[in-house]
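FYI, the numbering just counts along the sequence from 1. Since the structure is predicted, the reported quantities are computational estimates derived from the model, not experimental observations.
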Amino acid sequence: MIHVLRGVLYVLVAFQFTGCGDHLFPNVSPGSVPDRLRIKTVTQELADVAGRSSLVQYISTFGYDLQGRLNTITTTQNPSDPNAPVETGAFTYNAQNQVIQFQREITPAGEPKITETYSYTYVNSQMTRLYYTNNKDGRGDNVWDLTFQYNPDNQVKSSRKSFETGGVSYKENSEYFFTGNNLTAITTTTEVSPGPGGGTFTTNFTHDSKTNPFYNVAVIPAPYATAGVSTPFNGILDFYTYYGGVDNVLHLSRNNVLSSGSITYAYTYVGDLPATRIKTEPFKPRETLTYVYESY
């Protein structure tokens, strides 16, 4: 449930401000602007609880438009497999360089194509709403609706996340707490109707002192083969992405997260940027991400 709470906030990702002093400069090329480096690929490897690594890697390749904005993410499998899902995602921007949509098309072998869409609404310079949908299994109720409010430093102050289907509703109300430009705590209250359920809990975060390459980037999906898409109608309320989206707030901090509740992260670095990230979470496979950069 801790992850679920975080999902509410993660919408902020599209909010594209870097804080009080530099919020006018949206981060549309993930990486390091001073070093003129941007993400080229992110590769995922999973290991089981005994530490045995999978022989399969999932490689997300990033494409940029003529203005240098991140505009495509394509995910492939290594070694290649004709039964692996085909994944392509595309970003759409408005005239202010704000992400207004990210749409991913996934074609699992032998199954109908899945279209996943993140739609962002802005009031002036602030992202105030994230509306998420996908059509997995031909359903029309894989929907999350998130709204946000901000503090005077253009950081997320609070959010509301909701899902409704068949007379059942689920809501999250969250408050965000920052220290400088890093998100250090989220307190979330959940409501389930009808019936008993819900509660209030707090997730705390710690960070390193290095640059988060995906700071304020709207959403970076994890591979469909390992993360799927969000299906709240069946009771799965936590949806994993690498950064941002519906259930991830790691994009809200300038520095890289070291802990998020019971989850820990360990890094190696190339200069001021992460080269690898090892995520350890109780009762789940250990995940290693490898980041490759290119000059621009």
Polar side-chain atom of [X] near backbone of [Y] as donor-acceptor pair, under 3.5 Å:
X      : Y      : answer
Asn212 : Leu250 : yes
Thr241 : Gly244 : yes
Tyr150 : Met127 : yes
Asp65  : Gly68  : yes
Arg36  : Tyr296 : yes
Gln155 : Gly180 : yes

Assess, by modelled atom type and distance only, whether the side chains of [X] and [Y] contain a donor and an acceptor separated by less than 3.5 Å.
X      : Y      : result
Asp208 : Asn256 : yes
Lys136 : Tyr224 : yes
Thr211 : Asp272 : yes
Glu175 : Ser158 : no
Ser60  : Thr75  : yes
Thr206 : Ser259 : yes
Asn142 : Asn134 : yes
Thr188 : Ser174 : yes
Thr276 : Thr268 : yes

Closest heavy-atom pair and its distance - [X], [Y]:
X      : Y      : value
Val217 : Pro30  : CG2-CB, 3.9 Å
Pro194 : Gly167 : CD-O, 3.6 Å
Pro282 : Ser262 : CD-O, 3.7 Å
Asn182 : Ser253 : OD1-CB, 3.3 Å
Gly198 : Thr190 : CA-OG1, 3.0 Å

Should we say atom [atom1] of [X] is surrounded by more than 12 heavy atoms from elsewhere, each under 6.0 Å from it?
X      : atom1 : answer
Lys40  : NZ    : no
Tyr131 : OH    : no
Glu111 : CD    : yes
Lys157 : NZ    : no

Open item on the list: Ring centroids only, cut at 6.0 angstrom: are Tyr118 and Tyr132 within range, meaning strictly under it?
Closed with: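 Yes, the ring of Tyr118 comes within the 6.0 Å limit of the ring of Tyr132, centre to centre.
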Can you confirm if the NZ or CZ of [X] lies within 45° of the ring axis of [Y] and under 6.0 Å from the centre of its six-membered ring?
X      : Y      : answer
Lys279 : Tyr265 : no
Arg69  : Tyr93  : yes
Arg277 : Tyr243 : yes

When clusters are formed by joining ILVMFWY residues with side-chain heavy atoms under 4.5 Å apart, either directly or through shared neighbours, do [X] and [Y] land in the same one?
X      : Y      : answer
Phe177 : Tyr215 : no
Ile263 : Phe239 : yes
Val168 : Phe163 : no
Phe62  : Val270 : yes
Val292 : Ile59  : no

State, with a plain yes or no, whether a side-chain heavy atom of [X] is found less than 4.5 Å away from one of [Y].
X      : Y      : answer
Asn173 : Glu191 : yes
Gln44  : Gln57  : no
Tyr58  : Thr76  : no
Val192 : Ser169 : no
Ser159 : Leu146 : no
Val56  : Gln77  : yes
Thr226 : Leu46  : yes
Glu164 : Lys171 : yes

Rounded to the nearest 0.5 Å, what separates atom [atom1] in [X] from atom [atom2] in [Y]?
X      : Y      : atom1 : atom2 : result
Lys161 : Leu130 : NZ    : CG    : 9.5 Å
Ile100 : Tyr122 : CD1   : OH    : 8.5 Å
Glu45  : Glu287 : CD    : CD    : 10.5 Å
Leu70  : Arg38  : CG    : CZ    : 9.5 Å
Arg104 : Glu116 : CZ    : CD    : 4.5 Å
Phe205 : Leu252 : CZ    : CG    : 8.5 Å

Task: Steps toward side chain to side chain contact (heavy atoms under 4.5 Å, CB included) verdict (Ile73, Ile220) - done: CA-CA 8 Å; Ile73 302 176; Ile220 305 297; 4.0 Å; yes
TODO: Measure up the Tyr170 and Trp144 rings against each other and bin them: parallel (under 30°), tilted (30 to 60°), perpendicular (over 60°).
DONE: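 Ring orientation of Tyr170 relative to Trp144: perpendicular.
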- [ ] For the residue pair Tyr242 and Tyr240, categorise the inter-ring angle as parallel (less than 30°), tilted (30 to 60°) or perpendicular (more than 60°).
- [x]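 Perpendicular: the ring planes of Tyr242 and Tyr240 meet at over 60°.
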Open item on the list: Before you tell me yes or no, could you show the steps for Tyr291 and Phe214 under side chain to side chain contact (heavy atoms under 4.5 Å, CB included), namely the whole-Å CA-CA distance, both residues' side-chain angles and the distance that decides it to 0.1 Å?
Closed with: CA-CA 11 Å; Tyr291 304 76; Phe214 290 105; 3.9 Å; yes
Task: Single hit among Tyr64, Phe102, Tyr120 for ring-ring contact (aromatic ring centres under 6.0 Å, His included) with Phe91 - done: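 For Phe91, the ring-ring contact (aromatic ring centres under 6.0 Å, His included) check succeeds only for Phe102.
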TODO: Check side-chain hydrogen bond (donor to acceptor under 3.5 Å, both in side chains) between Thr133 and all other residues, then give those that pass, not counting sequence neighbours.
DONE: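 So Thr133 forms no side-chain hydrogen bond (donor to acceptor under 3.5 Å, both in side chains) with any residue.
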Open item on the list: Once side-chain contact (heavy atoms from CB on, under 4.5 Å) is applied, do any residues pair with Gln103, and if so which ones, sequence neighbours excluded?
Closed with: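 Expected list: Gln101, Glu105, Thr115, Thr117.
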Open item on the list: Any salt bridge linking Asp145 with Arg129? Criterion: basic side-chain nitrogen under 4.0 Å from a carboxylate oxygen.
Closed with: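 Looking at Asp145 and Arg129, the cut-off is met.
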Open item on the list: Whether Asp141 and Arg139 form a salt bridge (side-chain N of Lys/Arg under 4.0 Å from carboxylate O of Asp/Glu) is what I want to check.
Closed with: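 Between Asp141 and Arg139 there is a salt bridge, with a charged N closer than 4.0 Å to a carboxylate O.
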- [ ] Given side chain to side chain contact (heavy atoms under 4.5 Å, CB included), test Ile186 with Thr202 step by step and report yes or no.
- [x] CA-CA 6 Å; Ile186 296 173; Thr202 297; over 6 Å; no
TODO: Mind running side chain to side chain contact (heavy atoms under 4.5 Å, CB included) on His207 and Arg254 for me, showing each step along the way?
DONE: CA-CA 9 Å; His207 303 83; Arg254 181 185 294 279; over 6 Å; no
